[in-house]
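Residue numbers start from 1 in every chain, and the chains themselves are labelled A, B, ... in the order their sequence lines are given, proteins ahead of strands. Just so it is clear, the structure is predicted and the values come from calculations on it, not from any experiment.
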Number of protein chains: 2
Amino acid sequence: MIHTSTEHEVLAVVFQVRHFGASQVPELAVLLWQRGLEPHRGAWALPGGRVRTDEDLPSSIRRQLAEKVDVRELAHLEQLAVFSEPNRVPGPRTIASTFLGLVPFPATPELPADTQWHRVSNLPAMAFDHHVMVAHAHTRLAAKMSYTNIGFALAPQQFTLSTLRDIYYATLGYPVDATNLQRVLVRRGVLTPTGTTARSGRSGGRPGALYRFTDDRYRVTDEFAALRPPG
Amino acid sequence: MIHTSTEHEVLAVVFQVRHFGASQVPELAVLLWQRGLEPHRGAWALPGGRVRTDEDLPSSIRRQLAEKVDVRELAHLEQLAVFSEPNRVPGPRTIASTFLGLVPFPATPELPADTQWHRVSNLPAMAFDHHVMVAHAHTRLAAKMSYTNIGFALAPQQFTLSTLRDIYYATLGYPVDATNLQRVLVRRGVLTPTGTTARSGRSGGRPGALYRFTDDRYRVTDEFAALRPPG
DNA sequence: TCAAAAGTGTTTCACTTACACCCATGG
DNA sequence: CCATGGGTGTAAGTGAAACACTTTTGA
């Protein structure tokens, strides 16, 4: 197919840690909408769409996400990769810029009828190259969980360490020791104790201390694993 | 200004570690060309240009770089950020996708008359928003020097540890201990001894052992600084 | 008083850095 | 034989992981 012009679209991989069914442990979820028209009718797609000529990409994706979720819920938004294969979608040649968006636990935004949260570990049939984008976003998120404070965008304002441990588990895919998590994050200045305590759960147990993220903006907290500057 | 359509361009920040003047220590350099026409006539710009409708972004930037440097010299190429402010350049609205390109030391590719290497530490007046792109690329490169094998794309096939130390110094901006550099990189499997030795320099001194990078493809070598998987 | 959940303390381990000292070469 | 640069050994420090043990609560 020969293209004569190029369109530009933005797509967002919006993640939230959510409870599914009666399961005790929450899982990582991604926001998808189901296509009602061909091509790929019935397949699930990432929210987003055409970029207008008078808006930059972050504005564009925020505008388009506003139709899906309350944008105030979006605690973090960052650029991912660009997908530019000339025939990645049928029709006019379209370059896609992808974004990673994060919604805090445990908000439950209103969703349009065609839109749903899906387990990242159990994705439905997806439209076009969107599954690659989800995988890419997940990889990026998991990496950043260990050397940035990006968790602030997935956690509530205040939380116990068990809650935070669940969030790390959901994003990383492997269990994390709550004790060590606390020590690592407090030492780095990522976590601050609020001084208050939560109430005990339904089945008793000692109430947990409440923490909050020190910053509510993205920050790299562990830049140099090796080859640090001298001093 | 009201735009009615959107163009898409690619721009590359091409780095090389180079000797400048009689200085003993090489420095990080970026490839720039000087604009001969308005706007920003005389200012220095990144290589790149309009994306054709039938090529993806990596192909496009490779094609356009071929006019500046021998593409065989380009040992690494990766996507950076997209710049999308509607008025970032005069004329039609243009979205720019930027790339990071790396050329090994100490190649000296032929350059067109309008093109030169410039010290990253002493940049000339630059066109449009290109200085931001260079800063962004430098930050990304410095970060990746410490947790990936990306140095393979800046180093010769074989090299002594002093050479490698200079390359790390040039990219990171602070001195690195050659001894520890060797230990860190060999343990991670990034560096392999060749078993051969270099000849002594002009002023005598013990000849250095020669090393090579184990892989000639980009690889993350130190994924988890903390919160590693159990086991 | 028991189970559940949270928190503390301690040991072990892996890695990195810093630095003093020894080695090989050319002039 | 000495200046120059390369290489080795080692000690100290950091920070993370694992895990047993203690504390606090609800029922």
Side-chain angles (χ1 to χ4, degrees), chain A residues 24-26 145-148 158-169 172 174-212 220-231, chain B residues 24-26 145-147 158-169 172 174-211 220-231:
Chain A
Q24 293 307 313
V25 290
M145 289 299 282
S146 57
Y147 68 90
T148 75
Q158 302 204 343
F159 45 85
T160 64
L161 274 172
S162 325
T163 304
L164 193 64
R165 188 229 304 127
D166 289 344
I167 291 172
Y168 274 75
Y169 181 31
L172 292 174
Y174 52 80
V176 176
D177 181 312
T179 300
N180 293 330
L181 186 63
Q182 188 264 10
R183 273 193 278 240
V184 168
L185 296 184
V186 167
R187 180 182 11 201
R188 290 182 183 172
V190 174
L191 238 49
T192 304
T194 63
T196 54
T197 20
R199 285 191 314 227
S200 296
R202 42 245 150 275
S203 56
R206 177 171 168 177
L210 288 172
Y211 289 82
R212 61 179 180 82
V220 173
T221 59
D222 194 34
E223 197 164 2
F224 301 98
L227 311 177
R228 340 182 217 295
Chain B
Q24 294 307 313
V25 290
M145 289 300 283
S146 57
Y147 69 89
Q158 301 204 344
F159 46 85
T160 65
L161 275 172
S162 327
T163 304
L164 193 63
R165 188 225 308 124
D166 290 343
I167 292 171
Y168 274 75
Y169 181 31
L172 292 174
Y174 53 80
V176 176
D177 182 312
T179 300
N180 294 330
L181 187 62
Q182 188 264 11
R183 273 193 278 240
V184 168
L185 297 184
V186 167
R187 176 169 11 160
R188 289 182 184 171
V190 174
L191 236 50
T192 304
T194 63
T196 55
T197 23
R199 285 189 316 226
S200 296
R202 43 243 152 274
S203 56
R206 175 170 170 178
L210 288 172
Y211 290 81
V220 173
T221 59
D222 193 33
E223 200 163 1
F224 301 98
L227 311 176
R228 341 181 216 293

Identify the heavy atoms of B/Tyr147 and B/Arg188 that sit nearest to each other, and give their distance. CA-NH1, 4.4 Å
Interatomic distance, B/Tyr174 OH vs C/dT17 P [rounded to whole Å]: 8 Å
Protein-nucleotides 11-14 of chain C N/O pairs closer than 3.5 Å?
none

At less than 4.0 Å, is any side-chain N or O atom of A/Arg165 found next to OP1 or OP2 of C/dA5? Yes or no. no
Looking only at side-chain atoms of B/Arg206, point me to the closest of C/dT16, C/dT17, D/dG5. D/dG5
Which heavy atom of A/Thr197 sits nearest a heavy atom of A/Ala209, and at what distance? CG2-CA, 3.7 Å
Nearest-nucleotide pick for A/Asp177, side chain only, options being D/dA18, C/dC19, D/dG6: D/dA18
Spacing between A/Leu210 atom CG and C/dA5 atom P, to the nearest angstrom: 17 Å
Round to the nearest Å and state the distance from B/Leu161 atom CG to D/dT4 atom P. 21 Å
Nearest to the side chain of A/Pro207 - C/dG7, D/dT24, D/dT8? D/dT24
Sequence neighbours left out, what passes ring pair (Phe, Tyr, Trp, His ring centres under 6.0 Å) with B/Phe159? Give chain and number order. B/Phe213
Nearest-angstrom distance from the residue atom CG of A/Asp222 to C1' of C/dC15: 13 Å
Does A/Ala209 reach a base, just sugar-phosphate, or nothing at all? Heavy atoms under 4.0 Å. sugar-phosphate
A/Asn180 side chain, from C-beta outward: closest of D/dA16, D/dG5, D/dA18: D/dA18
Rounded to whole angstroms, how far apart are CG on A/Leu185 and C1' on C/dG7? 16 Å
Has B/Ser162 got a side-chain N or O lying under 4.0 Å from the OP1 or OP2 atom of D/dG6? yes
Below 4.5 Å, heavy atoms only, C-beta onward: do A/Gln158 and A/Tyr211 meet side chain to side chain? no
Side chain to side chain donor-acceptor pair (under 3.5 Å) partners for B/Thr194, two or more places apart: B/Thr196
Specify the closest pair of heavy atoms between B/Leu191 and B/Leu161, including all atoms of both residues, with the distance to one decimal. CD2-CD2, 4.2 Å
A/Gln182 CD to D/dA16 C1', straight-line distance once rounded to whole Å: 14 Å
What is the distance from CG of B/Leu181 to P of D/dG6, rounded to the nearest Å? 13 Å
Work out which heavy atom in B/Arg165 is nearest to a heavy atom in B/Val176; give both atom names and the distance. CG-O, 3.1 Å
Candidate nucleotides C/dT10, D/dT25, C/dT17, ranked by approach to the side chain of B/Arg183 - the nearest: C/dT17
C/dT17 OP1/OP2 closer than 4.0 Å to side-chain N/O of B/Thr179: no
Taking CG from B/Asp166 and P from D/dG5, how many angstroms apart are they, rounded to a whole number? 11 Å
Closest to the B/Val184 side chain: C/dT16, D/dA18, C/dA6? C/dT16
May I ask you to test the A/Asp222-A/Thr148 pair for a side-chain heavy-atom distance under 4.5 Å? no
